[in-house]
Amino acid sequence: MKKYIQLYNQLRELITGGALSSGSRFPTESAIAAEHGLSRQTVRQALEMLRRDGFIYSIQGSGSFVGSSAARVPESRHIAVITTYYSDYIFPSILRGIGETAAEKGYTVEISTTNNSIAMEKTILTNILQHPVRGIIVEGTKTALPNPNMAYYQQLAKQGIPIVFINGIYPSLEGERIVSVVTDDFKGGYWLAKLLIQKGHRSIGCIFKSDDAQGINRFAGFIAALADFGVEYNDTHFIWFATETKQSFLPFLRSNGLFMDCSAIVCYNDEIAKMVAAHLREIPHNIRSIASFDGELNAGQIPRDIEFRSLPHPKDDLGRTAALKLFDMLVDRPTESAVLAWAGVE
C-alpha cells in the first residue's frame, strides 16, 4: 500500500477513534511529516484525501480542523458488494476497481452473488437489513423486469445506507441515496449496428438478453440505427434469451435455420458471440461479420472467414467510479448517476 494511503488510514483512525474531536485543530503538515518521518509531499497527499472525504477542513490563515462529518462515521468500515455472478469475465475487473478504491478509503468489501436469482437477492438484502453495512454496490437482478425486492432497497436507503447500482438500475429507485453507474448501452448498440451498415451489410440479425436493462438498451440502440439508416429489418432475425434460457437458444437456431439470410450479427456480449461462432462452424452460413460487447474475446476464437469486433468494457473504471460515488454519499457530498462511454465509440 502506498505511504500516503497508510498515513491517511492512520490519521483517519485518530479522528474516528475520538483522539481528535470535531472542530479541534488538526496537526500541521510539517508536524505530521516530522512525527512520521515522511516527506511533505506524502503528507500533503494524505491530507488532501482527508479533506476530500470530509474528515478535515481548512481555514485560510488559521490551519486545518477536524470536520463535523467525522463525528457521524460509525464503527463499521464494511461495504457490501452484490453481483449477479463472480466468475464471469468482466466481474473480477469490476471488483478489483471497487476493492482498490475501498482499500484507499480504509474500508473492507463483503462480496455476495445472487446468480441472477430474485430469491437469492432477497436473502442477501434481508441479511444486510439485519446486519447493516456502511454502503452497498449492487448489480440488480433482472433489471428489465418488475422486482419484488424493491421495498428492501427502499428500506435500506431510508436507514441512511447509500446504494450504487452498476450495469443497470430499476428506474423508480433512483434518488438522493440511490444512484447508478452504467455503460452507454444504447449508444453501444447504435454504434455497432452503424459500423456494420457502413461496411455494406443490409441484413443484420441480433441476439440480446431480455431480462436485464443492458440487453434492452443495447437492442434499442441497434434498432434505432437500422431505422436511421433505412435498413429493412426482419423480426425473425431478432433472437432473445433470458437467464434461464441462455443454453437453449442455439438448438433453436439450428432447428429453425435462423440467420441463414443474414450477413452480420450483433451479440449481447462476448460469451454469446463465442457460442454463436461455435454454432457457425457446424452449419452452412452467410455470416461475414460478428459484433459484440465487452472486448474479452479474441479474433482467434472466431472462424477465420468472419470479421469480428467487440467493444471493450470500461470495467475497472466502472468499479472505481461506483466506489467513489458511494464514498461521496457517505460524506454527504451531492452525487449523481454516471454513464460511461464504450472505448472507441464516438
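These numbers come from the heavy atoms of this one structure, side chains and all, not from hydrogens, waters or symmetry mates.
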Could you tell me whether the side chain of L47 reaches within less than 4.5 Å of the side chain of L11, counting heavy atoms only?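 Yes; the side chains approach each other to less than 4.5 Å.
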Note, R40 side chain near E29 side chain (heavy atom, < 4.5 Å): yes
Hey, is the main chain of [Y] close enough, under 3.5 Å, to the side chain of [X] for a donor-acceptor pair?
X: T321; Y: D317; result: yes
X: T113; Y: T84; result: no
X: K325; Y: E336; result: yes
X: R77; Y: K105; result: yes
X: R320; Y: E100; result: no

Kindly write out the residues that satisfy salt bridge (Lys or Arg N to Asp or Glu O under 4.0 Å) with [X], not counting sequence neighbours, or none if the list is empty.
X: R25; result: none
X: D211; result: K209
X: D294; result: none
X: E35; result: none

Could you tell me whether Y170 and F165 have their ring centroids closer than 6.0 angstrom?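 Ring centroids of Y170 and F165 are less than 6.0 Å from each other.
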Please determine, by modelled atom types, if N115 and S117 share a side-chain donor-acceptor pair under 3.5 angstrom.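 Short answer, no.
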Give a yes-or-no answer on whether the side chains of Y190 and D228 include a donor-acceptor pair shorter than 3.5 Å. yes
Only one of T126, N149, N116 forms a side chain to side chain donor-acceptor pair (under 3.5 Å) with E121, so which one is it? N149
P312: side-chain contact (heavy atoms from CB on, under 4.5 Å) partners, not counting sequence neighbours: A343
Could you list the cluster mates of V182? Members are the ILVMFWY residues connected by side-chain heavy atoms closer than 4.5 Å, either directly or through other members.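 Listed partners: V339.
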Under 6.0 Å from the ring centre and within 45 degrees of the ring axis: does the NZ or CZ of R218 meet both conditions for the six-membered ring of F293? yes
